[in-house]
Amino acid sequence: MTRRDLLLGTASCFAGMAWTLEAVAASNDAFEIVRTEAEWRRLLTPVQYAVLREKETEQAGSSRLVREKRRGTFHCAGCDLPVYSSRAKFDSGTGWPSFWAALEGAVGTREDNSLFMRRTEVHCRRCGGHLGHIFDDGPPPTGLRHCINGIALKFVRSPV
Ligand SMILES: [Zn+2]
């Protein structure tokens, strides 16, 4: 073993430690469903993965759920938790499925200061999957607009 190997060994050891600390910090969010990146990649389509796990935003108007008007429940595409009801859905004209409220206790929020904007990020309470953002220009009764990526949702129609 050369001195160079030793130094490199030390460096990767520190890198491993940093990763461990990060993993601990993330687990403090304490989501009920925790999966590795590889597991999520297996379970989700590439676009679902980009939105739910990497907080990407789907192209406006790309989801057929924008025009979904039937009665039913919208589930998290990551873990199947019911997160939004068709009763709170409205047409925002933005090209993304929009709701004035989530189902009670179904989502969590955090400040998002990316893209030079101050926004409220909304995610699934159970698996932490990114759903979209909440704005305060929505209709009554809440005045909120949950702007949600359709690809992060699965529509389950209510039995008539
Ligand atoms: Zn979920």
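Side chains are part of it too, since the values below use all heavy atoms of this structure and drop only hydrogens, waters and symmetry mates. Ligands are counted one by one from 1 in listed order, and the atoms in each one are counted from 1 as well. The shown structure was predicted, so the numbers you read here are calculated from the model rather than taken from an experiment.
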Not counting sequence neighbours, list each pair that qualifies as a salt bridge (charged side-chain N to carboxylate O under 4.0 Å, His left out) and has a residue in residues 120-135. Glu32-Arg125, Arg110-Glu121
Any idea which heavy atoms bring Phe90 and Pro139 closest together, and the distance? CZ-CD, 3.3 Å
Between the CD1 atom in Ile148 and the OG1 atom in Thr57, the distance rounded to the nearest 0.5 Å is 10.5 Å
Any chance you could measure Phe135, atom CZ, to Thr94, atom OG1, to the nearest 0.5 Å? 9.0 Å
Under 2.8 Å from the Zn ion (ligand 1), protein N/O/S atoms total 4
Identify, with sequence neighbours excluded, every residue that meets ring-ring contact (aromatic ring centres under 6.0 Å, His included) alongside His130. His133
Can you pull the salt bridge (charged side-chain N to carboxylate O under 4.0 Å, His left out) pairs that have at least one residue in residues 132-143, sequence neighbours excluded? Asp137-Arg145
